[in-house]
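First comes the structure, then the notes that go with it.
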Amino acid sequence: MSDTTQRVAPSDLEEASRVLRDSASDGRTLLFGGGGTKAQWGGIADPTDVQISTERLHALISHHPGEMTAAVGAGMPLQTLQTQLAEQGQWLALDPATERHSATIGGLLATGDAGPRRLRFGTMRDLAIGATLLLADGTTVHSGSHVIKNVAGYDLTKLFYGSLGSLGLIGEVILRLHPLPASSATVVAGATAPQATVAALELSRSGVEPTAVEWLDPAGPDDDPTLLVRLDGRAHGTAAGSARVAKLLTDQGLSPHLLDQDEADRRWAAVAEAATGGPDDSVVRGGALPDRSAQLVESLHTLADEHGVSAAVASSIGLGLHTAVLRGPAKAQADVARQWRHSVEAVGGSCSLRSRPAAVADQLAPFGTPPSTAALLRAVKLQLDPFERCAPGRFRGWY
Amino acid sequence: MSVTTLTQRSQQIASTLRSQFVTAIGESGVITDPGELRTYECDGLTGYRTTPAMVLLPRSTQQVAAAVKLCAEHGVPFVARGAGTGLSGGALPVSDGIVIGLSRMREVIGIDPDNARMTVQPGVTNAGISVLASPHGLYFAPDPSSQIVCTVGGNVAENSGGAHCLKYGFTSNHVLGVTFVTPDGSIVHLGGDNRDSIGPDLLGVIVGSEGTMGIVTEVTVRLLHRPESVRTLVADFASVEEAGHAVGDLVAAGVIPAAVEMLDNLAIEACEEATGAGFSRDAAAALIVEVDGFDTECEADFDTARRVCESNGSTQIRIPTSDSERALIWKGRKAAFAAMGRISPDYFVQDGVIPRSKLGPVLTQMDEMAREAGLRVANVFHAGDGNLHPLVLYDARHEGEADKAEHLATAIVELCVRTGGSISGEHGIGADKACSMMKMFTPDDLAVMKRVRDAFDPDGICNPGKIFPTPRLCGELPGPYRPHPLETAGVIGRG
Ligand SMILES: Cc1cc2nc3c(=O)[nH]c(=O)nc-3n(C[C@H](O)[C@H](O)[C@H](O)COP(=O)(O)OP(=O)(O)OC[C@H]3O[C@@H](n4cnc5c(N)ncnc54)[C@H](O)[C@@H]3O)c2cc1C
């Protein structure tokens, strides 16, 4: 952010559109922001002339409990929304680690951030069924609607999923909701990465349908890695389900036990915390096929040991997604992150950087090998933002 | 619109470019015989016909890319085609253009049961995927009624749905990656092994883009494990309103059924004529409710479903006692469109979506509109997600009836939009509903979609004339856009 940056927080979409139109007249560069929890995801944007905050676009515009949909301003904090929806026994089925740190709906769509229960409910890609989007020149565009099933026109909501503010401003989002589960249960067991990988594949075949299967490997010498399996549903359903999960894990040679509610909440909070990292850490997100999980975790630990870096890992192991938090000398962090990215790419996966201290930033590109679609991404970018004013630098190296 | 004789330009394309296409994909993959070309003149929407200049039947991604590159070099428009079961004229050829049929690309590239995914060429049928996955206890969730014949490439292009999308989502929720030939003939890969895609979700845009951005030449799909339990019931009702109400109550009770399908009396009659699936001919409406999942949860959901139907006045509830009886119920449901031939020589199918809480009133209003027009409208549809399939029945031999039916069909779709719904839930816009797009979208909305399209296809040679309203097709532009009702009510804004 430069000293001359103008900060604007429009209170409605008309004002936002006007601000954008004005900025177009003299080609000012733009950065959009919500709760600020993921400004470090991907490339760090260059300083821009204008920063537009969605903080005042925070309304619950409509909630149709019978349709199980709601429309919200992009600046609506997820936590606030969940409280309001809970009054009607509903929720947005999304539990990202950033929820407790004021993550907003717009930011969640722009980044694709999600939590453990994406195993069952997916991400904003599946939950956002429409959006109002504002391009750099102020053009306001609508995509989708309040009905979940809708194939009319291109799905521009998905185009903005993962766009990190590089295509335009997300103004409003229409969401698909789910009924709040009456009960949930969590089974925990100590498990190494290979054990957790096998257990996750077995669980997916078991018919029990867990809502989350996470593996947490804290970096501390006294902390053992654990597998957490969550079930949501009716009370007798989660009871029967957790008994089946415990049996399955026992058959795998693990020693599972059922957590009481407080302990379960504490463990899930620890999972969220583990994926976040501190100001001096680099956070790398890697994904590959689920059956590669053990191999990738092992390669991370080998690299970390070689370079004298401590590495904590939180994995959505049933989906092959791993968040690694690296702590240690800057150069060593960068080396581990870079080399681990090679390992992940070598098995067909990919990585992106979610956070890094300034000293690491100079030594480490945010993304790996550009995809074969880089030219298409660039063409889309130039169609929607021809003067490249939105979030310059956010996809540095790609488009 | 029907062009049956080859234009001069078509003949010219066929004669000057034939040898180059033969070099690119082989003699057996190039069709120019006018008789054979006619096989490709329409899709499932048979009212629109255009004979293409040439049809190509490639066997590999490389052949598709070579063919598309030639089209790009010579400015020849092309249209991808799967099985041709589309119901919106999406695969309708362009006169003076080429059809690229994917029906010979039917190879399975790999099955990975541990990671629950499969990669296939686009000509593999939807049902074929589940057949191949079934030894591993897996299946492909999107289940359009046409699944025995329609291709996965067509499913990707249309973002097809089916009865079980209520719980499991549409094609876009089940496609993990594609290999794609862009309109300049480049080969790109979208999606992949990382479930966190990085950057704007181009794959999500391509799914459902109706073949207007390029040609899908490989698809990696996500497979699901077969649910442990499946319970199905058929509930009869004395009115469609009661049945509609039951659907709302079911959802309000916190149940997400695998499927909720409704048939009205006309549809029941047609299905019974065709399949004898055992629906009650005297019921005003029938609901097929299916719940599935983990044993204990599934049983509880099933009890709730039964209770909700009873409390909404269901006159009879039938619970199939065997897998074969359950399969017959679904066979009856899925044969519904085809069965209409038993009760009417001709019909128009619509595909509008309404908020499900408005099912009762909208069905009543449709009934009134039909009576006013002096026509019959049968309804068989995905009630759980409000996706109507009104079939406007008519007899083309009676003068003026086709026109009347078409008007009624259009009026019904417009009614759907007025309730806050959509002009299409799964069949797509294609050539058929391009003009109705103006009912749902502002000129700005459409212009931005067009810009995205231009990013993929700057020369406009890839399935031109579909989705977007044009003055030639629809008269003066911009069209009769009216504010969305939620907008009028101050619920949503348009900036
Ligand atoms: C009796 C009947 C029942 C139906 N029921 C359903 C239903 O329940 N749910 C539903 O969603 N649909 C349904 N449909 C519609 C239709 O079957 C689907 O849209 C289907 O996905 C089309 O597949 P296809 O292979 O026949 O595609 P086609 O009709 O050949 O093509 C459809 C569109 O896809 C494009 N396309 C095809 N292949 C490719 C490719 N490889 N790359 C890029 N573009 C491509 C074409 O250009 C065209 O725009 C039904 C149709 C019939 C006739």
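Proteins come first, then strands; the chains are lettered A, B, ... in the order of their sequence lines, and each starts at number 1.
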Residue A:His178 excluded, over 12 heavy atoms near NE2 under 6.0 Å: yes
CD on B:Glu297 to CZ on A:Arg234, rounded to 0.5 Å: 5.5 Å
Check: A:Glu67 side chain, B:Ser357 main-chain N or O, donor-acceptor pair, under 3.5 Å: yes
Contacting moiety of A:Arg118, where chain B heavy atoms sit under 4.5 Å: side chain
CA sep, side-chain torsions, deciding dist, call: B:Phe170, A:Asp126, side-chain contact (heavy atoms from CB on, under 4.5 Å): CA-CA 10 Å; B:Phe170 318 102; A:Asp126 310 283; over 6 Å; no
Main-chain N/O of A:Ala240 paired with B:Thr296 side-chain donor or acceptor, under 3.5 Å: no
Minimum heavy-atom distance B:Gly204-A:Lys158, with the two atoms named: CA-CD, 3.6 Å
Heavy-atom contact with chain A under 4.5 Å, split by part of B:Glu299: neither
Contact origin within A:Arg394 toward chain B - heavy atom pairs under 4.5 Å: neither
Option that, when pairs with chain B are counted at under 4.5 Å, heavy atom only, ranks first among A:Leu377, A:Val147, A:Asp291, A:Leu289: A:Leu289
Contacting moiety of A:Leu135, where chain B heavy atoms sit under 4.5 Å: side chain
Approximate separation, where rounding is to 0.5 Å, of B:Ile198 CD1 and A:Leu164 CG: 10.0 Å
Donor-acceptor pair, side chain of A:Asp155 and main chain of B:Val207, under 3.5 angstrom: no
Under 4.5 Å from any heavy atom of chain B - which part of A:Arg176: side chain
Option in A:Pro371, A:Ala114, A:Ala16, A:Ser352 with maximal non-hydrogen atom pairs under 4.5 Å from chain B: A:Ser352
Evaluation steps, side-chain contact (heavy atoms from CB on, under 4.5 Å), between A:Val141 and B:Arg451: CA-CA 12 Å; A:Val141 199; B:Arg451 278 152 79 174; over 6 Å; no
Distance-only donor-acceptor check, side chains B:Ser197 and A:Tyr161, under 3.5 Å: no
Contacting moiety of A:Pro290, where chain B heavy atoms sit under 4.5 Å: both
B:Pro227 and A:Glu209, any side-chain heavy atoms less than 4.5 Å apart: yes
Contacting moiety of A:Trp398, where chain B heavy atoms sit under 4.5 Å: side chain
Interface moiety of A:Val347 toward chain B, non-hydrogen atoms closer than 4.5 Å: backbone
Side chains of A:His64 and B:Arg356 in contact at under 4.5 Å (non-hydrogen atoms): no
Salt bridge A:Arg205-B:Asp114, side-chain N to carboxylate O under 4.0 Å: yes
Part of A:Leu384 lying under 4.5 Å from any heavy atom of chain B: both
Main-chain N/O of B:Asn173 paired with A:Arg125 side-chain donor or acceptor, under 3.5 Å: no
Straight-line distance of B:Asp196 CG to A:Thr123 OG1, nearest 0.5 Å: 8.0 Å
Nearest-0.5 Å distance that lies between atom OG1 in A:Thr139 and atom CG in B:Asp444: 5.5 Å
Top of A:Gly233, A:Gly42, A:Gly349, A:Pro181 for chain B proximity - count of heavy-atom pairs under 4.5 angstrom: A:Gly233
A:Arg244 versus chain B, the contacting section by heavy-atom distance below 4.5 Å: side chain
Any side-chain heavy-atom pair of A:Ser204 and B:His225 under 4.5 Å: yes
Test item: B:Asn194 side-chain N/O and A:Ser350 main-chain N/O as donor-acceptor pair under 3.5 Å: yes
Stepwise side-chain contact (heavy atoms from CB on, under 4.5 Å) check, A:Leu156 with B:Val205: CA-CA 7 Å; A:Leu156 300 179; B:Val205 178; 5.6 Å; no
Worked verdict on A:Tyr154 versus B:Phe468 for ring pair (Phe, Tyr, Trp, His ring centres under 6.0 Å): CA-CA 10 Å; A:Tyr154 295 153; B:Phe468 294 96; 5.6 Å; yes
Shortest non-hydrogen contact from A:Ala152 toward B:Ser422: CB-OG, 3.8 Å
Worked verdict on A:Arg292 versus B:Asp193 for salt bridge (charged side-chain N to carboxylate O under 4.0 Å, His left out): CA-CA 10 Å; A:Arg292 303 287 190 174; B:Asp193 293 356; over 6 Å; no
Point-to-point distance, once rounded to the nearest 0.5 Å, from CZ of B:Phe456 to CD of A:Gln383: 11.0 Å
Region of A:Leu201 in contact with chain B, defined by heavy-atom distances below 4.5 Å: side chain
Chain B contacts, top residue of A:Ser166, A:Gly153, A:Gly138 (heavy-atom pairs, under 4.5 Å): A:Gly153
Expected output: side-chain B:Glu426 to main-chain A:Val151 donor-acceptor under 3.5 Å: no
Side chain B:Arg195, main chain A:Leu319, donor-acceptor under 3.5 Å: no
Atom pair OG (A:Ser372) and CZ (B:Phe180), whose distance is rounded to the nearest 0.5 Å: 11.5 Å
Residue, of A:Val380, A:Ile148, A:Leu376, A:Thr111, that accumulates the most heavy atom pairs under 4.5 Å with chain B: A:Leu376
Derivation and outcome, side-chain contact (heavy atoms from CB on, under 4.5 Å), residues A:Asn150 and B:Met440: CA-CA 11 Å; A:Asn150 179 9; B:Met440 238 184 113; 3.9 Å; yes
